[in-house]
Structures are given as structure tokens and as C-alpha cells.
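The block underneath contains the structure these notes are about, expressed in C-alpha cells.
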Amino acid sequence: MESKIKISFPDGNTREFDKGISGAEIAKSISSGLLREALAIGVNAEVWDLSRKIETDASIKILKWQDADGKKSYWHSSSHLMAEAVESLFPGTKFGIGPSIDHGFYYDLDMGSHTLTPDDLVKIEQKMFEFVKRDAPFIRTEKSWEDAVAYFKQKDDPYKLELLDELKGQQISFYTHGNFTDLCSGPHIPSTGRIKAIKLLSVAGAYWRGSEKNKMLQRIYGISFPSQKDLDEYLFRIEEAKRRDHRKLGKELELFVFHDIAPGAPFWLPKGMIMFRELEKFLREELDQNGYQEISTPILVKKDLWEQSGHWAHYRDNMFLVECDETTYALKPMNCPESTYIYRNKIRSYKDLPLRYSEIGRLHRNEISGALGGMFRVRQITMDDAHIYCRPDQILDEVNSLIDLVARFYAIFGLKPMYNLSTRPDEAMGDPKLWDRAEESLKQALDGKSLKYNLKQKDGAFYGPKIDVQIEDALGREWQIATIQVDFVMLPERFELEYIAEDGSRQRPVAIHRAIFGSFERFIGIITEHFAGAFPIWLSPVQAVVLPITDAHMPYANKVADALRSANVRVELDDRNEKVNYKIREWETKKAPYMLIVGEKEKSNNSVAVRQHTKGDLGPMILEDFIRKIAKEISEKSLT
RNA sequence: GCUGAAGUAGCUCAGCUGGUAGAGCAGCGGUUUCGUAAACCGCAGGUCGUCGGUUCAAAUCCGACCUUCAGCUCCA
């Protein structure tokens, strides 16, 4: 029998080891530093414990904190540690599942009648630190299915027993550390001592196995790091996100407010409305230049339309209904079905296509109350919608120009786009040949531009494949905003759309649904957080403020403000009887891009002392020069 | 919709175990005329989310509802 195995490393090197060597031993053979940092080991396509014996040739990678899979086992192990702490403080707790997540870990708990309080979290956290000190190793054992069931029957944990139901007949792996043993496929880090910094973040309800039909358990979210510094940085980022919260900034900067009287629908204040209008203006300019025609369709339409489109069957509960003259109307939850009425207004020729109809439409969706959240989830949505009707052979061209359009938009905001391609789902409708062709077109468009994308198999809409565009904001958070959806069914077939082809036959067009901002509400929420309220100057509700030093400089200040105003700069004159320091402080907090301080010196030589937001005093400038500068920055939609 | 938490002046918040409300900022009136992040004095401002209950007495205790927040579920 062969007693040596070949291990190949990520750098391509291969070395021989004794059969049955562990990941830890391999790491140690490379360096003691690596062993200290090693958390788990990638073996071929799997992630294993460092202690597990390797019996065959394999390609391996020692996983550290820097590796995503390293973090995963670290956080997963932290969740076991938390479970141990919970069990020791609250004996009798039943355990659901306790996985790692993108940032940290959680464990779902059934604690009977006990409701966890923030104090409990502190106690659990302290207990965890206590256990960390014992540096207990995570030990993997395997039991037969019957023994596993017996174990949890004795422990009386119905959730684990339910999980075991699905593993019938298999060898079941368990992990034990300290006094806690859990059903778990692993892997885990070598020992609890590796967990240096822990923070339990929150407790919330969560349905067992994610189904609202099941019992609600209590979920503790937590995060852990190899050093206190990492934890501090993470907590700082959470604070930073709170500081940028658009609900807070929207109020402070007087952009919009919400009132109980209209849950889920913002009242746009004058300053917020300026931003809304600037976005609309920018959008319309772009679309006008790109062959779009703007339309506007009724908000209140008879339910018959939604029956025909299929929405009535699926989304009836989410529509606002109005009874009038014994007829049921609905506030439109989407624009698309109505755009077909404009398509069908005339007989369309193949020469007319593509027809690009854009619509800034106000939609209403009765989102369940628990889903509402600031501008991110509203019941009244203003969508930058468009429906492009084209021939199947035009899909590629259209998708190409849409991708360009989206990229151009996001570049203006300094947002990085990322693409997801979603393909045919199992319950797809429509001609498979069209599906193939459309998926091919979408792929071709992305590949042709050398864009990286995630393939989301079977994640398309029932009516066609789509490209979703995500952006990453200044805090590295990802948002799904734009979407490009090809549609063979919902509009073309349900509304029996046709065009006359070259040969005189009647053909069915393809519809492409697309949105760039997604919705004005959500987009403004996102960019508020992205820019932390300090918007690029073209969007900024106030672009410059004139601050006279004393009353004596009012006439000159007025002259400066007038000059800016006639150059179409949104300018305010702060004529309050306050010290300059006071005014500067206040306009800094309001994030005004420019402050123009005018006093004796400026008055005497037609200049302004320029102060830029966060950058401070830029020194004096001749008024005309400053106007040229700011006008240029506005028209170029400059980001600084 | 579900679980938990919260709702006091325009805003941010204090108000212990029941004795009918308080601060800072903002606002208004004065004084001050000032050079790059908060001058000073004064005034005014609240059915304590709504409705009901317990009590001699409720911001405070109880119930229902509304709204918000965290998470779950949902998101055409």
C-alpha cells in the first residue's frame, strides 16, 4: 500500500507527505507563522478542519483569516462558542441553526418563555470570553444516524431532530468543544482560543427554517475578529453607516419627511425636490439623445388590465384598490401593461422598431407594513421606467446600448456597476428558441464589452432572461438598482402585440423592460448615504452661500448673489445677524459645496473669499473667475 | 403579516418605584457689527402617538389600535 501522498499547493508546487497527514502538520512544515494563522484547509473543492487526516493525493490551500472560507469557519466556530455560552447561562435552551453569514454569525434559539434582553447579550458575551480562555479544541466525531437521533432525543432538542430527518441513513458528524456538542458538518477552526474579539450585535425574531408558518425563534447576531483592532474598525463602519443614514440626513438636510398620515410615502421638501428635478432633467436629456420617446399613462385603471397582464392573480393583495361606480380600479403597481396601449395605438411596421418608450411613472404597491423602511422601501414609487419594443434580431443592439447607458449614468455618481445575468427558470413561458437567442444576446453583450458578470442560473423572470446591475457604494455596500429584462410573454403575448414584417406577415415583437435608477426614492436614498449628504454640486440643493461679514457688506453680498443667480447657480444669501464663524459652522453642517465670504477686502476688488465644503479656505478669487469655475463644475457634473 | 423594541416642544433627548412636564439646539424680540466650525440677554413653544381602562390622581400601570426601528417573511 502506498504510504506517501502528493500534495499540490496554490503556487503550483507539489510535495510528498506521509499518508494521513493533517492540514495543521502541513502548515507547520511550511512555517510556524502559517500554523499560527491557519484556520482551516481547502482540500480539493472542500473545506476541512486542520486536524483532519488527508489520505489521498490532493491540491490544498491553507486558509487564513484573509480567505473567505477562513472567515466562514471562524465565524461558524464563534457561533458554536456562543451556543455554549447560552447553554451554560440558560440551560434547556433548544438550538436551531447557527451558521456564519457575510458579516459574522447568528444562532437561532428557542428559549421557551424567556425573552432575551440587551443585558443578556452582555452576559453571554462575557461568558464567551471566559470560554475562550480555556482554548478548547473543536473535535470532530462521527456517529451513526441512530446514535445521533438518540443523542438529541436525550437532549430533547426537536429542531436538531428535524434536521436529522433529512439526513437519514448517513454518517452524522458532530463537533464538540468544551461542554458543547452540536450537529454540524463543519469545518471549524482548531480551538476557541483563536477567537480574540467578540461583539454580540442584536437579537431579533426569525422563523424556524425561514418559513412564516413555523415557530418564531430568537436569533442572536454577532461578529468576531482575530484582533480588537479589526472589531473596532468594523464597529466604526457600523457607526459610519448610521451617520450616513438617509432617514437622518434627509431630515437634517430638509430633503424629505415621512408622516404617519401617509405611511411609506415621502413628502418631498423643496430642497429634496431640487434633487429630484435635477435627476429627472439629467435622465430626460440622456434619453432624448438616445432615441427615447416619453409617455405618461394613467395611474388609476380598471382591474381588467391587471387580469390580462397576470398581475391580478399574483399580486392582487399588493395593489391598492378603488371602488367607483360599481367598478374596481387599481392604482398601477407597474407601468408596463399600459405601455402596450401606446404600442397598439397604431399598426406598427418592422421599420418603426425599435420603439423606445420611457415613462417616469408613479406607482403604488401595498408593501406589507414590516417591509417599509425609509426611502429604501416605499409604497409610492416613482420609477424611471422604459419599455423598448423591438424585433428579436435587435435585442443585442438594444442591450448593448442599454449597458452603455447604465454605465454612463453610474459613472456620473462614482458608483461601480457589477452585472448579474439571470437565465431561464424552470417555470419559464415562451418559445425556447427565443429564450436561447435572448440569453445568447445578453451574454454576447456582456462579453463583447469584456464585462465580468455573475451567472445566476434559472433566476430569470418567467417571461424572459435579465441582466441586473448592482452598484457598490462608498462604504462598499452593494445595492441592486438597474435591471434590463427581455420579455417575450408578458407584454408581447398577453397583449397580442404585432408588427408587420418585411414580407407582410404579422410578427410578435420583443419587449425590453429597463430601469436605471430603479426608483427615484430609493436612488436618492442610496446616493444620500453614498455621498454622506455632501452631494456633487450639480445635485446639491444649495450650491453656494454668500456670507457677508457685517451689515455694511450687504449691498456687495447682494451683488455677488445676483451675479451667481444670473449664472444659474443656486445661491443663498445668509443675511442673518450672526458672526461669520457661526454661519460657516452651520453651512458646513448643511454641507453647502461653496461658501463665499465677503467683507471689506472683497468688496474693494470685486472678489470673494472661497471656502469649499470639508476642504476649507481656498483663498480669494475674482468673482467672475469663481462664477466660471462653479458653472463649469455644475455643467460637467463634477464629482469633487 | 410575524417577533422584539420605541413614540415627550420643529429637532435631539431627560423625566426613578403614579402626585397633571424639563434641557440644549432651532424659532421670535433685543443687544452685539464680528474674517473661516457655536457672541450675550430675554420670550414663546407640549391634550406626553390615538382611543379606552385601573386609580382620589396616569407621560408613568393595563388593553387595543396607529406609526417608526431591528430582524424574519415578502419585493411583479
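Quick caveat, the model's predicted, so the values are computed rather than measured. Labels below follow one simple rule: chain letters A, B, ... track the order of the sequence lines, proteins then strands, and each chain is numbered from 1.
- Counting only heavy atoms from C-beta outward, the side chains of A:Leu255 and A:Leu249 never approach each other to under 4.5 Å.
- Counting any heavy atom pair closer than 4.0 Å across all strands shown, A:Pro333 reaches a base atom.
- The pair A:Glu588-A:Arg611 meets the salt-bridge criterion, with a side-chain N (NZ, NE, NH1 or NH2) lying under 4.0 Å from an Asp/Glu carboxylate O.
- The aromatic ring centroids of A:Phe462 and A:His314 lie 6.0 Å or more from each other.
- Protein atom CD of A:Glu252 is 10 Å distant from nucleotide atom C1' of B:U12, rounded to whole Å.
- Backbone-only contact: A:Lys251 has heavy atoms under 4.0 Å from sugar-phosphate atoms and none from a base.
- Among the nucleotides B:A76, B:U67, B:G35, the one closest to any side-chain atom of A:Arg365 is B:A76.
- Between the side chains of A:Glu359 and A:Ser339, not a single donor N or O lies within less than 3.5 Å of an accepting N or O.
- One finds no salt bridge joining A:Arg365 and A:Glu521 here, because no Lys/Arg side-chain nitrogen approaches an Asp/Glu carboxylate oxygen to under 4.0 Å.
- B:A21 and B:A76 have their C1' atoms separated by 50 Å, with the value rounded to a whole Å.
- With both ends at atom P, the span from B:U67 to B:A26 equals 34 Å, rounded to whole Å.
- With sequence neighbours excluded, no residue forms a salt bridge (charged side-chain N to carboxylate O under 4.0 Å, His left out) with A:Lys601.
- Residue contacts for A:His311: at a heavy-atom cut-off of 4.0 Å it reaches a base atom on one of the strands shown.
- Residue pairs meeting the ring pair (Phe, Tyr, Trp, His ring centres under 6.0 Å) criterion with at least one partner in residues 584-620 of chain A, sequence neighbours excluded, are A:Tyr594-A:Phe626.
- Residue pairs that meet the salt bridge (charged side-chain N to carboxylate O under 4.0 Å, His left out) test with at least one member in residues 367-377 of chain A, sequence neighbours left out, are A:Glu367-A:Arg377.
- Comparing atom distances between the A:Ser369 side chain and each of B:C75, B:U36, B:G1 picks out B:G1 as nearest.
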Distances for protein N/O vs nucleotides 45-49 of chain B N/O pairs under 3.5 angstrom?
none

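- The six-membered or imidazole ring of A:Trp306 lies away from that of A:Tyr315, with a centre-to-centre distance of 6.0 Å or more.
- Going from the P atom of B:C62 to that of B:G18 covers 11 Å, rounded to whole Å.
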Contact list (N/O, under 3.5 angstrom) for nucleotides 24-30 of chain B vs protein:
unit_1 : atom_1 : unit_2   : atom_2 : d
B:A26  : OP1    : A:Tyr582 : OH     : 2.5

Reading 5' to 3' through nucleotides 69-74 of chain B, protein heavy-atom contacts under 4.0 Å coded B for base, S for sugar-phosphate only, - for none: SSBBBB
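- With rounding to whole Å, A:Gln485 atom CD is found 9 Å from B:A76 atom C1'.
- Taking the C1' atom of each, B:A14 and B:A6 are spaced 16 Å apart, rounded to whole Å.
- Applying the side-chain contact (heavy atoms from CB on, under 4.5 Å) rule to A:His364 yields the partners A:Ile299, A:Phe320, A:Leu331, A:Arg362, A:Gln380; only residues at least two apart in sequence or on another chain are considered.
- Heavy atoms of A:Ala461 sit nowhere under 4.0 angstrom from any nucleic acid atom.
- In the region residues 611-620 of chain A, proximity to RNA chain B at under 4.0 angstrom, judged on heavy atoms, holds for A:Arg611, A:Asp617.
- Partners of A:Ser79 according to the side-chain contact (heavy atoms from CB on, under 4.5 Å) rule, which considers only residues two or more places apart in sequence or in another chain, are A:His76, A:Phe105, A:Tyr107.
- Taking atom C1' on both nucleotides, B:A9 is separated from B:G49 by 14 Å, rounded to a whole Å.
- A salt bridge is defined here as a Lys NZ or Arg NE, NH1 or NH2 lying under 4.0 Å from an Asp or Glu carboxylate O, and A:Arg219 with A:Asp108 meets this definition.
- Stem list for RNA chain B (at least 3 consecutive Watson-Crick or G-U pairs, distances under 3.5 Å): B:1-7 with B:66-72, B:10-13 with B:22-25, B:27-31 with B:39-43, B:49-53 with B:61-65.
- Applying the salt bridge (charged side-chain N to carboxylate O under 4.0 Å, His left out) rule to A:Arg237 yields no partners; only residues at least two apart in sequence or on another chain are considered.
- Judged by closest nucleotide on RNA chain B, A:Ile549 is the one of A:Ile549 and A:Asn366 placed further toward the 5' end.
- With hydrogens and angles ignored, the 3.5 Å screen pairs a side-chain donor or acceptor of A:Asp384 with a backbone N or O of A:Ile516.
- Donor-acceptor pairing under 3.5 Å is lacking for the side chains of A:Thr93 and A:Glu87.
- Applying the ring-ring contact (aromatic ring centres under 6.0 Å, His included) criterion to A:Tyr343, with sequence neighbours excluded, gives A:Tyr389.
- Note on A:Glu239 versus A:Lys242: salt bridge recorded, some NZ/NE/NH1/NH2 to OD/OE distance being below 4.0 Å.
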